[in-house]
Amino acid sequence: MITKSDPRDAEFIEAQNAPRRDALHADYEALRMVLARRRIDIEPVTQAVGRFAVAIPSWGVGTGGTRFARFPGPGEPRSVFEKLEDCSVIHTLSGATPTVSLHLPWDRTDDLKGLKVRANELKLGFDAVNSNTFQDQLRQPFSYKYGSLTHTDKAVRQQAIVHNLECIQVGQALGSTALTLWIGDGANFPGQQHLARGFERYLESAAVIYAALPPDWRLLIEHKMYEPAFYATVIQDWGSSLMAAQSLGPKAFCLVDLGHHAPNVNIEMIVARLVHARRLGGFHFNDSMYGDDDLDSGSIDPFRLFLIFNELVDAAWRKVPGLSPSHMLDQSHNVTDPIESLVTSAVELTRAYAQALLVDRALLSEHQDNNDVLMAAQTLKQAFTTDVGPILARARLNKGAAIDPIGAYRESGYRLRCALARPAALTRSSGIV
Ligand code: LRH
Ligand code: MN
């Protein structure tokens, strides 16, 4: 029976949690015993999980698509304000998504003040802003067909630089402190672009953007192996990204989008290297089988996600200084309700983090130092195979979020009300948004 209650209403959440409390308590106490036998106190883990936060991509709350088609669902958000409402539903239910990462100009508004006020009312903040010089906007003087920050024409590079400076201003007005810089610049054919000069033009343009960063801001450089360029991409891999960050200055960092690597690339190794270089700035979490599929985090390879969080928890355990990567989701929800996918993905990130907190690192180091290969692998796997569900649900309950967030969302009837309040746009389109 669908109720007419706002899933952000504390009483609604309490009514949803009440019948589930006893079972959760029993499961939690059982897990407490299991972990106690491993000399692990469950409470600090639950508190740490409760502090975990990941940003929602504003472009993820609408239905995504591919180059072939996009099949909009009911009640699509039609403005950044409606996207913010949906983000607040995700945060209330998951308890783990207090910030939103905007994309400009997709989220352009003439009422920045109003947006900030509404975000405050919804207890939402703003993580990194994303610039967009991979599409041409209406009445844009110069096309990005042959590139943006690395275009051979200085006027096009200047246009792209100016757009990024605008993104910084918008971010400042909203309280963001980072700019995510992903460009699709590259070539489809050998010989089309001079590989060295392309990179040099990137560094020249990015240096102007870097110089405009406010003192407390970071520049997050996002590498990607291919697409939209299908032969060479200027910032193609973590090596190019790291070289650019080290060349630009101490406020430049590398952002790892999990889908931006060839299949089977060891992403946790890349994370370990960027941690070593003190240049790990953030993540775009998602999952993939083949290319930049932007599937729900943990939906294809949850062990990979665990291994990435294992590197982050290990670095914290080794007290690596200044490590505070921005956790952001970057997904395209083509066949699911975006709110359900984002809630579930936030839960899957907290799961990977909780499992990584259960690794007995002293014992693992001992097995590693003694080259006891099997016991080292088993010590890691034991954490991954632990059902941390009760810890995740207890952490949500402790924050006033939902024990069963998807159950509560469906019970609320929020999507149905959005469908009634947001008449569908009668357009047929393709592409990510
Ligand atoms: C590029 C990317 C980038 C965003 C875009 C929506 O593939 O990951 O982070 O700008 O997706
Ligand atoms: Mn991304």
Side-chain angles (χ1 to χ4, degrees), residues 54-67 70 77 80 83 99-108 126-137 144 147-149 160 163-164 166-168 170-171 176 178-186 206 209 218-230 233-238 240-241 244 253-262 265 267 270-271 274 280-288 290-297 305 308 325-334 338 341-342 345 349 429-433:
V54 60
I56 296 284
S58 62
W59 60 95
V61 287
T63 298
T66 70
R67 60 183 170 166
R70 191 173 79 88
V80 63
K83 291 177 184 178
T99 56
V100 180
S101 186
L102 296 185
H103 216 299
L104 300 166
W106 294 341
D107 296 320
R108 180 166 283 154
F126 293 99
D127 204 308
V129 285
N130 298 264
S131 59
N132 177 344
T133 60
F134 51 86
Q135 294 173 322
D136 286 346
Q137 307 304 321
Y144 293 134
S148 61
L149 296 177
H163 167 65
N164 279 279
E166 285 168 358
C167 292
I168 292 173
V170 169
S176 172
L179 171 69
T180 295
L181 186 57
W182 172 69
I183 60 171
D185 294 25
I209 298 168
R218 300 189 303 170
L219 181 66
L220 306 178
I221 299 170
E222 183 177 3
H223 61 272
K224 183 174 182 179
M225 184 173 70
Y226 78 101
E227 187 206 43
F230 292 105
T233 294
V234 176
I235 304 296
Q236 176 150 0
D237 54 26
W238 70 278
S240 304
S241 176
F253 294 83
C254 306
L255 182 144
V256 178
D257 184 313
L258 275 54
H260 288 187
H261 307 88
V265 162
I267 299 174
I270 294 173
V271 171
L274 293 174
L280 178 66
F283 291 91
H284 277 179
F285 289 109
N286 47 57
D287 213 334
S288 52
Y290 308 105
D292 187 19
D293 310 341
D294 281 339
L295 299 172
D296 295 7
S297 298
L305 197 55
I308 289 168
S326 289
H327 296 312
M328 294 171 274
L329 292 164
D330 179 2
Q331 300 173 180
S332 179
H333 309 111
N334 304 352
S341 277
L342 288 163
S345 300
L349 291 188
S429 65
S430 63
I432 188 170
V433 294

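Worth knowing before you read on, the calculation uses all heavy atoms, side chains too, and leaves out hydrogens, waters and symmetry mates. Please read all numbers here as calculations on a predicted model, not as lab measurements. Counting convention: from 1, in listed order, for ligands and their atoms alike.
Contact of the Asn130 side chain with the Trp182 side chain is not registered, since no non-hydrogen atoms from C-beta on lie closer than 4.5 Å. Side-chain contact check for Val100 versus Val61: every heavy-atom pair is 4.5 Å or farther apart.
In terms of modelled atom types and a separation under 3.5 Å, the side chain of His333 and the main chain of Gly60 share a donor-acceptor contact.
Note on the Mn ion (ligand 2): protein N/O/S atoms under 2.8 Å are Glu222 OE2, Asp257 OD2, His284 ND1, Asp330 OD2.
Residues Ser341 and Gln331 have side chains that never bring a donor and an acceptor to within less than 3.5 angstrom of each other. Counting only N and O atoms by type, the side chains of Ser101 and Asp127 include no donor and acceptor under 3.5 Å apart.
Here Cys254 contributes atom SG and Ile270 contributes atom CD1; the two are 10.5 Å apart, rounded to the nearest 0.5 Å.
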Ligand-protein N/O pairs under 3.5 Å (ligand 1):
unit_1: ligand 1; atom_1: 7 (O); unit_2: Lys224; atom_2: NZ; d: 2.8
unit_1: ligand 1; atom_1: 7 (O); unit_2: His260; atom_2: NE2; d: 3.2
unit_1: ligand 1; atom_1: 7 (O); unit_2: Asp292; atom_2: OD2; d: 3.0
unit_1: ligand 1; atom_1: 8 (O); unit_2: Glu222; atom_2: OE2; d: 3.1
unit_1: ligand 1; atom_1: 8 (O); unit_2: Asp257; atom_2: OD2; d: 3.0
unit_1: ligand 1; atom_1: 8 (O); unit_2: His260; atom_2: NE2; d: 3.1
unit_1: ligand 1; atom_1: 8 (O); unit_2: Asp330; atom_2: OD2; d: 2.7
unit_1: ligand 1; atom_1: 9 (O); unit_2: Glu222; atom_2: OE1; d: 2.7
unit_1: ligand 1; atom_1: 9 (O); unit_2: Glu222; atom_2: OE2; d: 2.8
unit_1: ligand 1; atom_1: 9 (O); unit_2: His284; atom_2: ND1; d: 3.2
unit_1: ligand 1; atom_1: 9 (O); unit_2: Asp330; atom_2: OD2; d: 3.1
unit_1: ligand 1; atom_1: 10 (O); unit_2: His103; atom_2: NE2; d: 2.7
unit_1: ligand 1; atom_1: 11 (O); unit_2: Asp330; atom_2: OD2; d: 3.4

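Aromatic ring orientation, Phe134 versus His103: perpendicular (interplanar angle above 60°, classes split at 30° and 60°). Between Phe285 and Phe283, the two ring planes are parallel [angle under 30°; tilted spans 30° to 60°].
Looking at Arg67 and Glu227, no side-chain N of the basic residue comes within less than 4.0 Å of a carboxylate O on the acidic one, giving no salt bridge.
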